[in-house]
Undergrad: 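First, the structure itself, so that you have it in front of you.
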Amino acid sequence: MEFSANQIAALANGTVEGDGEVKINTIAKIEEGIPGAISFLANPKYTQYIYTTGSSAVLVSNDFVPEQPVKTTLIRVADPYATVAHLLQMVQQMMTPKPRGIEQPCHIGEGVDVDDESYIGAFAYIGNGVKLGKGVKIYPQVYVGDGCVIGDGTILYSGAKIYHGCKIGNRCTIHAGAVIGADGFGFAPTPDGYDKIPQIGIVEIEDDVEIGANTTVDRAMMGSTRIGKGVKLDNLIQIAHNCRVGDNTVMASQAGVAGSAKVGEWCMIGGQVGIAGHITIGDKVEIAAQSGIPKSVAAGSRIFGSPAMDLRAWGRQAAMIKHLPDLFKRVEELESSCKK
């Protein structure tokens with residue numbers, strides 16, 4: 001499909017500088033721009049490319065001031081990154097297939113109702129007593145255990161596994177290979193080995209959650225492991241039993257949260273972060289990649305390291321470390337002069 005810069009500006013509540021009638025039919029990185037493409041400038045590191053890009057239009061912030069002439073059409077918006085995300089969502093909606101109906105072979109258990117807008121792919125297994133919301137999309141080879149609840153508009157991509165009794169809210173997306181509701185890691189040591197502690201709880205996922213490929217969320221020993229509304233989990237993340245992840249928290253790949261930890265709302269957790277069990281991470285905490293979190297963290301903290309510390313304190317230490325060779329040399333010179 002093709003749009004003019006003026007049409008895109010109207011959709012994004014922006015203003016146009018340049019040729020408002022230039023036609024846009026694709027999206028490209030600013031450094032890889034081609035005619036007919038729209039790009040965006042959100043990171044100052046890429047400012048140099050706005051003067052050379054081949055894109056027909058570029059989304060920029062309202063306060064952007066070019067330092068030299070710009071050949072491309074500018075579309076000024078409040079937030080270029082959020083705007084391009086919105087445009088990509090529109091493109092995805094137009095391009096994504098919208099399957100309906102029930103493919104065969106598949107298994108649909110007793111007491112399961114499938115509405116006309118929903119889709120059940122081939123070789124999917126839907127257990128007894130499952131409650132499916134309106135417009136649910138369940139792709140091939142998905143497993144949904146007995147008694148699960150899947151909310152309106154939720155998508156389960158191929159190979160996702162939802163163990164018995166778990167509850168998933170409305171408009172959620174569970175990507176391929178994710179496992180929701182496997183047993184939590186609970187074993188009691190005995191002289192003869194380890195006795196398994198039954199995990200009789202469930203997982204509850206609230207509305208508008210996205211869970212990446214091969215991510216696992218374990219069922220609770222008792223009660224529930226809960227993922228709050230609007231949470232976004234990347235691929236290859238482990239959420240252990242009885243954890244709580246607060247609303248709108250985002251977590252990057254390979255992060256792990258140990259049992260009974262509580263993560264607050266609006267947190268940002270980098271890749272390969274490890275969070276110890278039975279601790280509390282406050283609201284709006286930012287944790288840099290590869291940090292180890294052994295104890296509770298106050299709301300609003302920005303931390304890094306293993307064990308993690310305040311990000312500014314870590315920065316000061318890192319700056320000092322660069323001077324250690326000179327410091328050692330001075331100490332050796334002082335020791336040598338004292339011996340004389």
Undergrad: Would you confirm whether Asn128, through its side chain, and Gly109, through its main-chain N or O, come within 3.5 Å as a donor-acceptor pair?
TA: no
Undergrad: Using the rule that two of Ile, Leu, Val, Met, Phe, Trp, Tyr join whenever any of their side-chain heavy atoms come within less than 4.5 Å, decide whether Val144 and Val112 are in one cluster.
TA: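 Both belong to a single hydrophobic cluster.
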Undergrad: Shortest non-hydrogen contact from Ser39 to Ala28?
TA: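 Reported closest heavy-atom pair: OG-O, 2.7 Å.
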Undergrad: Is it true that the side chains of Asp234 and Gln254 contain a donor and an acceptor less than 3.5 Å apart?
TA: no
Undergrad: Determine the minimum heavy-atom distance between Gly186 and Gln199, stating which atoms define it.
TA: CA-NE2, 4.0 Å
Undergrad: Does the side chain of Tyr46 come within less than 4.5 Å of Ile50's, by heavy atoms?
TA: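 Not in contact.
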Undergrad: Quick check: does any side chain N or O of Asp113 sit under 3.5 Å from a backbone N or O of Leu132, one acting as donor and the other as acceptor?
TA: no
Undergrad: Mind checking whether Phe185 and Phe187 have parallel, tilted or perpendicular rings, split at 30° and 60°?
TA: perpendicular
Undergrad: Give, for atom CD1 of Ile293 and atom CD1 of Ile269, the distance between the pair rounded to the nearest 0.5 Å.
TA: 8.5 Å
Undergrad: Any heavy-atom pair between the side chains of Glu335 and Val331 that's under 4.5 Å?
TA: yes
Undergrad: So, the side chain of Asn170 versus the backbone of Asp152: is there a donor-acceptor pair under 3.5 Å, distance only?
TA: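 Indeed, once roles are kept as given, a pair shorter than 3.5 Å links the two residues.
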Undergrad: Without swapping roles, check the side chain of Arg219 against the backbone of Cys166 for a donor-acceptor pair under 3.5 Å.
TA: no
Undergrad: Parallel, tilted or perpendicular, judged at 30° and 60°: which one describes the rings of His107 and Tyr125?
TA: parallel
Undergrad: Could you check if a side-chain atom of Val114 sits within less than 4.5 angstrom of a side-chain atom of Ile108, using non-hydrogen atoms only?
TA: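 SC-SC contact between Val114 and Ile108 confirmed.
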Undergrad: Test your reading of the model: is there a side-chain donor-acceptor pair from Ser306 to the backbone of Ser291, 3.5 Å cut-off?
TA: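 Here the side-chain-to-backbone pair does not exist.
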Undergrad: So, Arg244 side chain and Ser224 main chain: donor-acceptor pair closer than 3.5 Å or not?
TA: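 Present.
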Undergrad: Does Ser61 form a side-chain hydrogen bond (donor to acceptor under 3.5 Å, both in side chains) with Asp63? I'd like the steps, not just the answer.
TA: CA-CA 5 Å; Ser61 64; Asp63 58 2; 2.6 Å; yes
Undergrad: Check salt bridge (charged side-chain N to carboxylate O under 4.0 Å, His left out) between Glu210 and all other residues, then give those that pass, not counting sequence neighbours.
TA: none
Undergrad: Can you check side-chain hydrogen bond (donor to acceptor under 3.5 Å, both in side chains) on Glu21 and Ser4, steps first, answer last?
TA: CA-CA 5 Å; Glu21 295 305 317; Ser4 70; 4.5 Å; no
Undergrad: When you measure from the side chain of Ser118 to the backbone N and O of Val136, does any donor-acceptor pair fall under 3.5 Å?
TA: yes
Undergrad: Angle between ring planes, Tyr139 versus Tyr119, binned at 30° and 60°: parallel, tilted or perpendicular?
TA: perpendicular
Undergrad: Can you check whether Phe64's main-chain N or O pairs, donor with acceptor, with Arg76's side chain at less than 3.5 Å?
TA: yes
Undergrad: Are Met90 and Ile8 grouped together when hydrophobic residues (ILVMFWY) are joined by side-chain heavy atoms under 4.5 angstrom apart?
TA: yes
Undergrad: Would Val231 and Glu206 satisfy side-chain contact (heavy atoms from CB on, under 4.5 Å), going step by step from the backbone distance to the final call?
TA: CA-CA 9 Å; Val231 167; Glu206 298 186 20; over 6 Å; no
Undergrad: Can you tell me if Ser301 uses its side chain to pair, donor with acceptor, with the backbone of Ile303 under 3.5 Å?
TA: no
Undergrad: Mind listing the closest non-hydrogen atom pair of Cys148 and Gly165 along with its distance?
TA: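 For Cys148 and Gly165, the tightest heavy-atom pair comes out as SG-N, 3.6 Å.
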Undergrad: Do Cys172 and Ile205 have side-chain heavy atoms sitting under 4.5 Å apart?
TA: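 Contact flag for Cys172/Ile205 side chains = yes.
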Undergrad: If every non-hydrogen atom of Gly277 is compared with every non-hydrogen atom of Ala258, which pair is closest and at what distance?
TA: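 Where Gly277 meets Ala258 most closely, the heavy atoms are N-CB, 3.3 Å.
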Undergrad: Is Asp208 paired with Lys229 through a side-chain N to carboxylate O contact shorter than 4.0 Å?
TA: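 Salt bridge between Lys229 and Asp208, a charged N being under 4.0 Å from a carboxylate O: no.
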Undergrad: Can you name the nearest heavy-atom pair linking His175 to Thr173, along with the distance?
TA: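 Answer, listing the atom of His175 first, then Thr173: NE2-CG2, 3.6 Å.
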Undergrad: Looking at Met222 and Asn242, what are the two nearest heavy atoms and their distance?
TA: O-ND2, 2.8 Å
